[in-house]
Amino acid sequence: MLDDLKLIEAVAPDILHVLQERYKILRNIYWMQPIGRRNLADSLNMTERVLRTETDLLKRLALIDVTKSGMSLTKTGEKVFTDLGKVMDQLFGMHQLEKQLANYFGITRCVISAGDSDRQEKVVKNFGESLNESLDLLLPEGKNIIAVMGGTTMAQVAECLTNLESDERHNLFVPARGGIGEALTVQANSVSAMMAMRSNGEHRALYVPEQLSSDTYRSLMKEPSILEVLNLISHANCVIHSIGRALHMAARRKMSEKEILMLKKANAVAESFGYFFDETGKVVYKVPRIGLQLKDLQKVPVILAIAGGKSKAKAINAYMQNAPKQTWLLTDEAAANEILKGATL
């Protein structure tokens, strides 16, 4: 329900304003019933003419009664007021948190799911639903190339996509970077293939190792099939990626003890796109990989970053120092509150 309202707000921001104003009218009537129009207008700092339009509508909806004594809520009106109050508390409390976090990072938007994905598995499903809604909203008509990163969170949200195809829109999913070497289910190839299948789009694979020597890199760059997919990646108009904790990602990728020690000494806390960042957002190490580079993101119009949980707050905060302004961050309450708490210390 809340996600639906937030999606509606993205294309019709006035709707939530109208909802909020009518809720205030119901609330003030409930507090002061029976109350006349003039006193109600004064309490709401609203003109009687504007208020009359709203109360006439509420009367037609059978939410209020109007008698000589004044206006009162009907039984239906009381139930609507009570139920709507719960929604408004969640919606506008979360709405403000989203705005606060987006302003803090200087990005276009944050979409925050209730809860903590570290402890509540259903929150990751909410990420998937938010991603699906965001893609449906943001992807333009025509042919889209969507570059997808791998990872555990990405593999889970991929399962939640639904049809994104239409007569006017066609989507091609490609892995954003090489990824053979990780567990099959979390490789970028697997994740992008799952997203394509779930959304009825197409998919192209990139079969290259996670890490490469210079000689191997030069050899692979001569392969026509690899060059073809790399060309598609370079023309992506949408990128979907996650943000990982530095040492966790280093261990998962089986980096050497020397590299892990170096990351510890550099105070690395975050990883994304093969780049490792310290708490200030500075790049302290880069894994040589084929595919999308951090600098390439600046020209991509639609970017969706997905990461949550209190344990990832430092990682999210570090990476987002480098995020392009057009990024949408899909996260949860636990991470958002931890990040903003640190910002006010």
Side-chain angles (χ1 to χ4, degrees), residues 107 127-128 131-132 134-135 138-139 143-159 161 164 171-199 201-212 217 220-221 223 225-244 249 252-253 270-277 283 285-307 315-316 319-320 322-324 326-330:
I107 60 174
F127 290 164
L131 174 63
N132 195 66
S134 300
L135 288 171
L138 295 172
L139 290 175
K143 294 182 179 180
N144 297 299
I145 300 175
I146 303 166
V148 178
M149 295 295 290
T152 306
T153 299
M154 293 290 290
Q156 291 177 279
V157 301
E159 298 275 357
L161 294 194
L164 294 170
N171 304 314
L172 172 64
F173 290 81
V174 294
R177 298 178 70 89
I180 296 175
E182 292 187 288
L184 180 63
T185 55
V186 301
Q187 288 178 18
N189 275 325
S190 300
V191 174
S192 55
M194 176 59 69
M195 288 188 175
M197 183 185 73
R198 292 287 185 179
S199 65
E202 290 189 42
H203 169 253
R204 294 295 301 276
L206 178 64
Y207 295 112
V208 296
E210 162 74 1
Q211 300 184 47
L212 301 167
Y217 177 84
L220 287 174
M221 290 305 288
E223 290 294 327
S225 61
I226 291 176
L227 289 175
E228 183 183 359
V229 178
L230 289 177
N231 182 58
L232 289 172
I233 295 170
S234 69
H235 288 89
N237 64 323
C238 175
V239 171
I240 309 170
H241 71 95
S242 59
I243 303 164
M249 296 304 296
R252 201 180 87 189
R253 291 198 169 108
E271 185 276 340
S272 196
F273 298 98
Y275 294 79
F276 289 82
F277 309 87
V283 176
Y285 188 65
K286 176 182 180 294
V287 177
R289 297 164 75 190
I290 286 180
L292 202 66
Q293 306 294 318
L294 195 61
K295 60 181 175 59
D296 299 328
L297 294 181
Q298 298 298 329
K299 65 181 182 181
V300 179
V302 178
I303 303 172
L304 294 154
I306 309 170
I316 296 168
Y319 167 77
M320 292 303 294
N322 299 272
Q326 67 270 29
T327 299
W328 281 35
L329 173 64
L330 279 52

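The structure displayed is predicted, hence computed values, not measured ones.
- At a threshold of 4.5 Å between non-hydrogen side-chain atoms, the residues I107 and M320 count as touching.
- Within the 4.5 Å cutoff, the side chain of I240 has no heavy atoms near those of the V157 side chain.
- Applying the side-chain hydrogen bond (donor to acceptor under 3.5 Å, both in side chains) criterion to N132, with sequence neighbours excluded, gives T162.
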Go through it in stages, so that I can follow the logic: the residues are M154 and I306, the test is side-chain contact (heavy atoms from CB on, under 4.5 Å), and I'd like the CA-CA distance, side-chain angles, deciding distance and then a yes or no. CA-CA 8 Å; M154 293 290 290; I306 309 170; 4.2 Å; yes

Could you go through the side-chain contact (heavy atoms from CB on, under 4.5 Å) check for F273 and L297 one step at a time? CA-CA 10 Å; F273 298 98; L297 294 181; 3.6 Å; yes

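- Every residue two or more places apart in sequence or in another chain that forms a ring-ring contact (aromatic ring centres under 6.0 Å, His included) with F277 is listed here: Y319.
- Every residue two or more places apart in sequence or in another chain that forms a side-chain hydrogen bond (donor to acceptor under 3.5 Å, both in side chains) with N237 is listed here: N144.
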Residues I146, L139; criterion side-chain contact (heavy atoms from CB on, under 4.5 Å); working and verdict: CA-CA 9 Å; I146 303 166; L139 290 175; 3.8 Å; yes

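- I243 and A305 get closest at one heavy-atom pair: CD1-CB, 4.3 Å.
- The side-chain heavy atoms of L161 and L135, taken from C-beta on, include a pair separated by under 4.5 Å.
- A heavy-atom distance below 4.5 Å is found between the side chains of L232 and R204.
- Atom-to-atom distance recorded for E228:CD and S225:OG is 7.5 Å, nearest 0.5 angstrom.
- Atoms CD1 and OG, on I316 and S242 in that order, are 10.5 Å from each other to the nearest 0.5 Å.
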Determine, stepwise, if the pair V287 / F276 fulfils side-chain contact (heavy atoms from CB on, under 4.5 Å). CA-CA 8 Å; V287 177; F276 289 82; 3.7 Å; yes

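- Considering CG of L131 and CG of L138, their distance stands at 10.0 Å, rounded to 0.5 Å.
- Qualifying side-chain hydrogen bond (donor to acceptor under 3.5 Å, both in side chains) partners for S272, counting only residues two or more places apart in sequence or in other chains: H241.
- Every residue two or more places apart in sequence or in another chain that forms a side-chain hydrogen bond (donor to acceptor under 3.5 Å, both in side chains) with K286 is listed here: Q293.
- A 4.5 Å side-chain heavy-atom check between P175 and N189 finds at least one atom pair inside the cut-off.
- Partners of E202 by salt bridge (Lys or Arg N to Asp or Glu O under 4.0 Å), not counting sequence neighbours: none found.
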